[in-house]
Amino acid sequence: MSEEKSLNFLEEIIEKDLADGKYTSIVTRFPPEPNGYLHMGHATSICLNFGLTKKYAGYTNLRFDDTNPVTEDTEYVDSIKEDIQWLGFEWKQELYASDYFDTLYKYAVTLINKGLAYVDDNTAEHIAAQKGTHTEAGIDSVYRQRSIAENLDLFARMKAGEFADGEKILRAKIDMAHTNMLMRDPLIYRIKHTHHHRTGNKWCIYPMYDFAHGQSDSIENITHSICTLEFIPHRELYDWFIEKLEIFPSHQYEFARRNLSYTVMSKRKLKQLVEDKHVAGWDDPRMPTISGMRRRGFTPQSIRTFCDKVGIAKRENIIDFSLLEFCLREDLNLTALRAMAVLDPLKLIITNYEEGKTEQLVSENGPDEAYGTRIVPFSKALWIEREDFMEEAAKKWFRFAPGASVRLKSAYILRCDTFDKDETGKVTVIHCTYFPESKSGNDTSGIAVKGTIHWVCATHAAIAEVRMYDRLFKVEIPSSEEGDFKDYINENSLTITQAYIEPSLINATMQNRFQFLRKGYFCLDKESTKDKIIFNRTVTLKDAWAKEVKKS
RNA sequence: UGGGUUAUGGUGUAAAGGUAGCACAACAGAUUUUGAUUCUGUUUGUCUAGGUUCGAAUCCUAGUAACCCAACCA
């Protein structure tokens with residue numbers, strides 16, 4: 001009954017902590033900086049942090065890491081909250097590092113009083129030069145020996161706004177010869193005469209990441225503070241501050257960020273794509289942002305499943321995009337409504353069907369009976385997919401060709417007799433004969449056909465714009481290629497076409513997900529209106545025939 | 001010429017000295033009124049070299065490779 005799923009390394013740590021009685025419940029946090037939109041990489045972290053406290057007793061806080069007022073804005077706060085909720089997670093408290101500015105200031109004073117921090121008057125350049133290199137020790141600043149009293153006075157005056165940006169800075173006094181560069185008297189409080197999105201103009205000094213993150217964790221009693229691998233060197237500093245400040249000992253654990261093939265996942269690169277207009281915005285359906293994927297038609301469930309299947313570890317990785325698509329199709333197959341749409345139309349005339357007659361046929365809406373049925377109109381003139389006809393049938397061809405019989409989904413079996421071409425050689429219409437006794441549901445014709453295709457009645461069809469997307473980049477790992485990553489953008493990542501859709505689709509809503517039979521999964525785009533219906537193709541269906549063709 | 005982290009099929013992830021497993025991908029077949037779904041089967045792997053052991057992905061030694069670290073960013 002119970003399938004024992006093995007634990008990832010974080011779950012092992014947590015189970016041990018719980019078993020040892022170190023904690024009775026756990027607290028995690030998701031700490032975005034409100035300076036951009038969330039992407040698939042953040043989704044990983046969200047699923048991890050919130051997932052852990054769903055699995056084990058405890059809760060997760062949402063904490064905005066807003067210590068740099070220059071780049072941060074409330075606009076991002078709202079989008080981040082929307083994305084987390086859309087993914088299906090609930091935070092216990094909505095918090096901000098800026099909530100702790102008073103406490104953080106006191107912590108800095110504590111450090112000064114212990115002789116563990118000092119005000120440095122050197123310029124940024126000079127401080128950098130004195131830092132040393134990976135192989136050479138740094139040099140002590142001449143201000144390192146300032147008295148506690150003087151440091152206290154100077155720091156208070158920094159806070160009071162007596163100095164200009166960059167004129168002075170507070171540093172921890174650790175070890176300028178330390179092998180970990182971050183321990184070489186790190187900068188902890190800098191002067192920025194900048195308006196903050198939450199604290200307004202109250203402060204002109206702001207703590208650096210290292211002096212805010214761990215302490216915020218501690219203030220919130222975070223038991224397991226989970227971040228990505230590049231923060232490993234920071235852990236030593238994280239622990240140092242907690243020890244010297246004698247505050248709640250939160251612990252930091254690191255995992256490898258997930259990389260997806262054929263896309264980029266850094267905020268900086270995504271921003272470039274938007275600013276250089278390679279995409280239409282942060283929520284362009286081709287973007288790996290949460291908002292882009294939502295618009296494209298991804299379901300929260302599919303993203304959660306994906307994160308779960310990928311697992312969590314500490315090694316570098318590039319995950320196949322096909323796994324994400326698999327999770328998407330798996331979910332959509334169970335939930336999407338079925339409908340018919342012809343994307344690249346070819347006219348079909350049923351020679352022996354009565355002119356002006358319309359039949360109301362019944363077709364199923366979903367993968368099982370619970371979804372019910374709907375009516376689709378059928379008459380003498382239809383649209384079928386151009387690729388469902390061949391002038392000369394290929395080997396293993398199940399679709400229309402002169403003399404070949406095919407079933408139209410939920411309708412009749414038709415035999416193709418002839419076809420017309422225009423002067424350019426393009427097929428304009430195919431003429432077929434239908435078998436009245438082959439009607440779907442009570443077929444007494446005894447005719448067996450290999451293929452079933454979708455269609456739309458020409459006299460009742462509605463028109464929609466369909467936007468089809470392909471991968472954003474032509475190479476698996478754009479950032480590891482020669483030159484600029486933008487050189488590898490797939491210029492054919494968006495194809496817009498006009499489609500004939502069955503009349504029931506006029507009533508589609510933004511909440512609906514559709515499978516257009518044999519063509520893929522689709523959803524309404526946010527730009528869709530009553531007068532201009534626009535569908536996004538979320539993902540294609542698997543196509544065994546396309547693969548067959550590719551082989552030969 | 002420092003320090004840190006990581007190495008398991010094409011990809012991701014398990015196996016805590018005892019049969020290298022799972023998923024995706026690929027391939028072959030069955031079913032199918034979606035060439036979808038579903039079902040069955042197949043191929044492919046322990047970074048290298050030594051050592052310990054009845055037995056090593058796992059322990060030891062020595063290498064190799066990849067990634068991260070010198071922003072008043074997070």
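Letters A, B, ... are given to chains in the order of the sequence lines, protein chains preceding strands, and every chain is numbered from 1. A quick note: this is a predicted structure, and the numbers were derived from the prediction, not measured. All values below come from the heavy atoms of this structure, side chains included, with hydrogens, waters and symmetry mates left out.
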Query raised in the report: Between B:A23 and B:A66, how far is it from one C1' atom to the other, in whole Å?
Result: 25 Å
Query - Min side-chain heavy-atom separation A:N122-A:S141 under 4.5 Å - result: yes
Query - Base of B:U34 paired with side chain of A:R338 (donor-acceptor, under 3.5 Å) - result: yes
Report task. Could you give the distance separating B:U11 and B:A25 at their P atoms, to the nearest angstrom? Result -> 16 Å
Query - Sugar-phosphate, base or nothing in reach of A:E364, heavy atoms under 4.0 Å - result: nothing
Requested in this report: Using the P atoms only, state how far B:A15 lies from B:G63, rounded to an integer number of Å.
Outcome: 29 Å
Query raised in the report: Using a cut-off of 4.0 Å on non-hydrogen atoms, how would the nucleic acid contact of A:H234 be classed: base, sugar-phosphate, or nothing?
Result: base
Query raised in the report: Looking across every strand, which nucleic acid part, if any, lies under 4.0 Å from A:G441 by heavy atom: base, sugar-phosphate, or nothing?
Result: base
Query raised in the report: Has the side chain of A:S410 got a donor or acceptor atom sitting under 3.5 Å from an opposite partner on the base of B:U33?
Result: no
Query raised in the report: Looking across every strand, which nucleic acid part, if any, lies under 4.0 Å from A:H134 by heavy atom: base, sugar-phosphate, or nothing?
Result: base
Report task. Describe the nucleic acid contact of A:F231 in one word from base, sugar-phosphate, nothing, applying a heavy-atom distance below 4.0 Å. Result -> base
**Report entry** Salt-bridge contact A:D99-A:R63 (side-chain N to carboxylate O under 4.0 Å)
**Finding:** no
Query raised in the report: With rounding to whole Å, what would you report as the distance between B:G51 and B:C22 at their P atoms?
Result: 33 Å
Query raised in the report: So what does A:I169 hit on the nucleic acid, given a heavy-atom distance under 4.0 Å: a base, only sugar-phosphate, or nothing?
Result: base
Report task. Looking at every strand, decide which applies to A:I318 at a 4.0 Å heavy-atom threshold: base, sugar-phosphate, or nothing. Result -> sugar-phosphate
Report task. Report the nucleotide, chosen from B:A36, B:C73, B:G4, that has the shortest atom-to-atom distance to any side-chain atom of A:K542. Result -> B:A36
Report task. Tell whether A:R518 reaches the base of B:U34 with its side chain through a donor-acceptor pair below 3.5 angstrom. Result -> no
Query raised in the report: What about A:Q515: does its side chain form a donor-acceptor pair under 3.5 Å with the base of B:U34?
Result: yes
Query raised in the report: What does A:L334 touch in the nucleic acid at a heavy-atom separation under 4.0 angstrom: a base, only the sugar-phosphate, or nothing?
Result: nothing
**Report entry** Whole-Å C1' distance, B:U46 and B:U13
**Finding:** 14 Å
Query - B:C60 and B:U6, which share atom name P, separated by this distance in whole Å - result: 14 Å
Query - Under the 3.5 Å Watson-Crick or G-U criterion, the dot-bracket string of RNA chain B, with | for inter-strand pairs - result: .((((((..((((....[..)))).(((((.......)))))....(((((..]....))))))))))).....
**Report entry** C1' gap between B:U31 and B:G18, integer Å
**Finding:** 42 Å
Report task. Using only heavy-atom distances, decide whether a donor-acceptor pair under 3.5 angstrom links the side-chain of A:R399 to the base of B:G35. Result -> yes
Query raised in the report: Using the C1' atom in both, what is the distance from B:C59 to B:A65, to the nearest Å?
Result: 23 Å
Report task. Mind checking A:K267 for me? I need base, sugar-phosphate or nothing, with any heavy atom below 4.0 Å counting as a touch. Result -> nothing
